[in-house]
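Below you'll find the structure, written out as structure tokens, and then a few comments.
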Amino acid sequence: MKQVLIEMQSIEKIFYADDVETHALSNIHLRIQPGDYLSITGPSGCGKSTLLSIIGLLDSASGGDYSLLGESVNNLDQKQRTKIRNKEIGFIFQSFNLISDMTVWENILLPLSYRRDLSNTQKNALATQALQDVSMTHRKKHYPAQLSGGQQQRVAIARAIAGKPSLILADEPTGNLDTKNAEVVMRLLDELHHNGASICMVTHDPRSAQRANRSIHIIDGQIVSDETSPLGKGMGTLSAARRDHCEVKG
Amino acid sequence: MNLLFDIQYAIRNLFKSLSFTLLTIVVMAIGLGASLFITTAVKHLAWEPMYFPDGDRIINIKRRINNEWRQTLLHDYQKIKDEVKSIDLISGHSKTTTVLSDGYQSIRYQGTLVTGDFFKITGVTPLLGRVITDADQVPGGPPVVMLSYQIWQNYFNGQQDIIGKKIKINQQEHEVVGVATQASAHPIEKTFWLPLKKHASDLTLEKSAGLQNLNARLKPGFSVNQAREEINRIFSNSPELLTAPDQKLTARVFTEKRSQVGTLDLLYTLFAASLCVLSLCCINVANLLLARSNSRMNETAIRLALGAPRAKLIGQTMWEAVFICLLGGAFAIFLAGWGVESTMDYFQSRSKMSEFPKAMRLSLGYEEVFIGIAITLVAVFATGFVPAWRSSKCDFNSILKDGSKTSLGKQTGSVSRYLVGTQITLSCMLMIAAGVLFILIQQGIAAGYGITIHKFISGKLSIHHYPYGHSRVAYLNRVLAEVTKLPGVEAATLVSRLPTEYSPAQNLEPEGAGWAYNDFVRSNLVEMYPNAFDTLGISVLEGRAFDQNDNQGSQKVAIISQLLADKLWPNESPLGKRVRGYWGVRGYLDKGSQAQADKWTTVVGVVPQISHREMFDTELTPNMYVPYQQSNMATMAVVLKTHGNPDKLKAPLAKAVLKIDPNTPVFDCFSLTQQDKENRASHDFIKWMFALFAIAALVMAATGIYGMMSNHIRRRTQEIGIRRALGVPDAAIIRLIMGQSLKQLAIGFGLGLPLGYLASKIFIDKFSAQSLLYTIVYFVVPVIIASVVFLATITPLMRVLRQTPASALRYE
């Protein structure tokens with residue numbers, strides 16, 4: 001039996017601003033299996049990104065239990081959480097969040113550079129592979145400002161997948177992209193899933209959400225629906241994504 | 001209308017961030033205030049001509065024999081007056097002790113003996129009567145005196161009919177011929193002017209009168225250098241002015257102001273330090289404004305996109321600098337005014353003189369205020385232009401497309417880094433110089449004079465009117481007996497010069513050495529009563545102390561300091577050896593004929609080397625002590641060693657002395673502690689000023705670095721969030737940011753340490769270092785600055801690291 005990737009029980013998140021208490025998440029129960037392609041949808045301010053932050057150990061829950069790969073993360077210190085983020089989780093953000101002073105290659109190499117279990121050769125090989133997977137090898141020496149939005153997001157995806165994490169977290173990955181570039185990015189995610197990656201994606205876009213094989217809907221900080229579709233609709237391939245992208249922009 | 005709007009907008013922005021505004025105004029006030037204060041001092045002491053009419057044309061002339069300073073003689077005055085063509089007026093004057101008595105009381109004032117064109121040169125003008133003229137200079141003529149306004153008011157209650165009255169000065173009737181106006185008094189405000197009544201033609205060179213000040217007025221169109229060359233040419237062709245044939249006679253010629261103020265190198269060093277502080281302030285404010293303009297880059301971009309001309313944008317951004325600097329400048333003027341007043345109070349409270357020399361007085365007037373305004377305007381440009389110019393050059397398209405990650409951020413970041421590098425350099429240099437100076441001066445103070453001074457009080461007695469020989473000795477014996485009986489007195493003695501005073505020096509020749517004149521050893525000469533060593537707590541290392549048998553009829557004896565013994569007879573016992581001093585004209589030391597040389601004096605004892613006000617000097621002058629009964633100096637100091645507070649003996653001492661002779665008042669009566677305070681007043685002042693500047697520099701550097709790093713880290717908050725989201729450990733982020741600070745440090749130290757060493761070398765060469773303790777500064781200062789940089793970096797960084805990565809990612 002496969003080990004459960006994520007197990008959340010009664011997760012709560014409360015924000016305090018001055019004297020106001022805001023319940024961003026309430027009583028969240030969530031289990032994610034390896035290989036899941038999960039989309040999280042809901043209206044603005046419903047707590048989607050907060051949930052993603054907690055899953056990605058970017059933030060801590062105010063209450064409840066959270067286990068990752070069978071280990072409770074509730075009581076982990078910053079150092080341990082950092083280590084897990086570095087090795088087990090890959091992030092894709094809506095605004096790409098590439099470091100502007102670093103080249104494409106340096107951005108991709110950044111999370112790998114802190115992995116002690118990999119030699120330099122392995123790190124370079126992984127980064128090269130990730131660049132190839134998103135068809136950005138020819139831009140490896142460019143800076144983010146020299147790339148289009150779609151290209152920047154492809155680099156961000158390469159950075160997220162380079163370390164072969166257990167889980168890829170994507171927060172509105174197509175939110176800042178036009179339709180064609182968005183399609184390219186979604187196909188990349190489909191391909192990653194097809195190759196065995198576990199993906200958890202927050203999105204506003206129903207069409208993107210439909211590509212996942214499981215979709216949860218959040219309203220006012222609570223999961224109101226959790227639907228599974230055996231195959232999802234993400235049928236694209238990486239090669240198709242590359243071809244399409246080349247048609248959009250070089 | 002637009003201008004008004006810009007001003008309103010700038011004011012609104014300043015009020016919006018009041019703490020920032022207040023901080024920058026305080027920073028500017030400190031920098032501008034410090035520089036205005038020191039500029040005022042430099043202007044008064046160095047740049048301004050003497051307060052005489054045609055003050056910029058008045059020169060001071062001093063005699064030099066073989067490149068050593070000697071007192072100028074009446075013969076020099078006459079020679080220059082007769083032959084030098086580059087001057088049109090010449091005068092000499094010397095201070096003299098004068099005792100004014102009316103049968104009931106005697107008061108000692110500092111009198112001024114004058115000759116020649118003194119009143120024309122100095123501008124001393126009569127309020128009543130007339131000035132002293134050539135007719136008054138006739139030897140044997142009726143004694144006359146001109147009173148200063150202060151003495152006329154204080155002693156004579158401003159009697160309108162004072163002219164023509166006879167007053168008793170030094171036991172002799174003098175007719176008052178004039179009263180000077182209050183403003184024109186020179187060299188001090190409470191003085192008498194008396195005719196010198198001597199002419200070079202009536203005297204041999206050996207009997208010539210000494211002139212403490214010889215002034216001349218340059219003819220229009222002649223420079224100081226031209227006058228110097230002409231006087232030197234005449235001196236070199238005047239063998240009649242030499243006291244020995246192989247002497248080289250030259251003149252030291254400077255402007256009168258320079259001569260009054262003395263060496264200015266420490267003042268100029270202080271001036272340079274104040275400019276460093278001002279630069280640090282400007283850099284600091286510029287950096288803060290740069291950070292501010294960076295945080296408002298979106299607004300700038302919108303303005304540019306809407307078509308704002310660059311010049312307009314620069315002007316608009318500079319308005320904030322204008323207000324900050326003007327307000328800082330206004331406070332600075334008050335601060336400098338307070339500084340000037342406090343400094344005058346400080347020096348006057350430490351001065352033994354009844355009044356502070358006019359040439360040394362500072363004040364903050366209209367001219368200084370204008371200088372303050374000019375410095376402020378320079379500061380406006382220095383602080384405001386760079387941030388305004390940089391922000392006007394931003395790539396507004398990028399900013400509007402992608403607010404937080406912009407080219408402007410990088411540009412201003414690099415400018416900011418240059419500014420911080422400069423701050424570290426300047427503060428490092430200033431702190432090293434200040435630290436070394438502080439240690440050197442403290443070491444000098446700690447070394448002291450070689451005796452414990454805090455129990456002593458001394459007062460001067462001038463006994464010129466007692467004939468040389470027995471009557472002087474008899475008078476002083478009576479004084480000593482009387483003051484020894486005073487309650488609270490543990491012991492009393494008489495010496496010609498105390499360790500807290502400079503001492504006249506002589507050139508010494510050891511018997512049988514056959515030394516050439518230039519090899520003679522220069523030594524202080526102190527005359528003393530037999531119990532002086534015992535009273536002052538100076539132990540005799542070898543031989544014996546003086547006793548009552550060392551009198552006029554006995555063999556001439558001397559006790560010398562260990563340093564003198566080592567110089568005259570290295571590795572030999574000096575006891576029984578003989579030495580003689582060479583005395584030039586008026587007690588100053590030239591190689592002369594046998595008639596000028598003393599008799600051979602036998603060394604009977606050796607004492608430790610005592611400093612005569614040389615605690616900061618690189619080389620000590622050795623001492624020779626002789627018994628009073630064999631010398632009979634006309635001015636002696638009565639010294640009391642007290643059981644308690646010596647200042648309490650001041651009045652009883654004066655009373656006891658007057659009891660013996662009402663016409664011989666004690667003067668310059670001060671505790672040795674007070675004299676010590678005066679001796680080190682300027683060193684203490686410079687030491688504390690440098691310390692203040694160093695602290696200001698450190699604070700400026702700390703706030704500047706903190707401001708830059710805080711801004712830098714704030715701009716990189718999102719990036720730090722990304723790194724943390726990607727699993728970069730906090731330690732790696734700290735290393736990354738610290739690495740950038742370290743780069744600034746390395747650049748700052750790379751320049752600051754060598755500059756600091758060079759600046760401190762000025763002080764090391766100037767002051768004697770008792771040990772190498774000062775070298776610790778070269779290690780401590782970098783550690784302090786590095787610690788400050790570390791704190792200034794880690795504080796804002798930890799603020800970001802305390803956030804969750806999710807918050808950092810959301811940071812805008």
Side-chain angles (χ1 to χ4, degrees), chain A residues 13 15 24 49-62 77-102 106-116 143-146 148-149 152 156 159-160 162-163 165 169 171 176, chain B residues 294 297 394-414 416-417 712-737 739-740 743 797-812:
Chain A
K13 180 68 185 178
F15 289 112
S49 293
T50 304
L51 177 60
L52 201 74
S53 292
I54 293 171
I55 293 171
L57 302 181
L58 294 176
D59 207 345
S60 302
S62 308
D77 62 20
Q78 272 302 331
K79 212 169 175 179
Q80 291 163 315
R81 295 165 82 89
T82 301
K83 218 167 188 175
I84 294 170
R85 277 202 304 271
N86 183 237
K87 194 173 176 184
E88 306 294 352
I89 302 168
F91 288 96
I92 301 166
F93 302 98
Q94 179 180 354
S95 53
F96 327 135
N97 280 347
L98 297 174
I99 294 175
S100 55
D101 291 337
M102 290 180 164
E106 287 164 342
N107 263 291
I108 294 168
L109 208 57
L110 180 67
L112 296 173
S113 63
Y114 296 99
R115 291 276 294 270
R116 289 185 179 175
Y143 284 92
Q146 297 169 304
S148 69
Q152 286 192 42
R159 184 177 66 183
L169 300 177
D171 189 357
N176 279 6
Chain B
N294 196 24
M297 56 194 165
C394 71
D395 179 357
F396 64 90
N397 194 29
S398 302
I399 297 169
L400 292 175
K401 272 199 322 199
D402 183 14
S404 59
K405 306 177 204 65
T406 65
S407 57
L408 178 68
K410 279 185 204 166
Q411 286 166 8
T412 51
S414 65
S416 195
R417 279 198 289 276
H712 178 70
I713 289 165
R714 188 168 46 75
R715 280 192 293 112
R716 293 182 67 174
T717 300
Q718 210 177 26
E719 181 201 321
I720 291 169
I722 297 167
R723 286 176 187 270
R724 295 180 79 202
L726 296 174
V728 176
D730 288 355
I733 293 171
I734 291 172
R735 275 200 301 277
L736 176 79
I737 304 292
Q740 285 166 349
K743 269 187 211 162
L797 180 58
M798 289 313 290
R799 218 163 30 224
V800 173
L801 291 179
R802 272 195 292 273
Q803 295 177 19
T804 60
S807 317
L809 281 168
R810 282 195 294 268
Y811 184 84
E812 289 294 331

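All values reported here derive from a predicted model rather than from experimental measurement. Quick note on labels: first sequence line is chain A, next is B, and so on, each numbered from 1.
At a threshold of 4.5 Å between non-hydrogen side-chain atoms, the residues B:Gln718 and A:Asn97 count as touching.
Per-residue counts of heavy-atom pairs under 4.5 Å with chain B were compared for A:Tyr114, A:Phe93, A:Phe91; the largest is that of A:Tyr114. Among A:Leu110, A:Ile84, A:Ile89, the residue making the largest number of heavy-atom pairs under 4.5 Å with chain B is A:Leu110.
The contact between A:Arg159 and chain B is made entirely by side chain atoms (from C-beta outward), counting heavy-atom distances below 4.5 Å.
Formation of a donor-acceptor pair under 3.5 Å by the A:Asp59 side chain with backbone atoms of B:Pro805 is not found in this model.
Rounding to the nearest 0.5 Å gives a distance of 10.0 Å between CG of A:Leu112 and CG of B:Leu726. With values rounded to the nearest 0.5 angstrom, B:Arg724 atom CZ is found 12.0 Å from A:Leu57 atom CG.
The neighbour count for A:Lys13 NZ, taken as heavy atoms of other residues, nucleotides or ligands under 6.0 Å away, is above 12.
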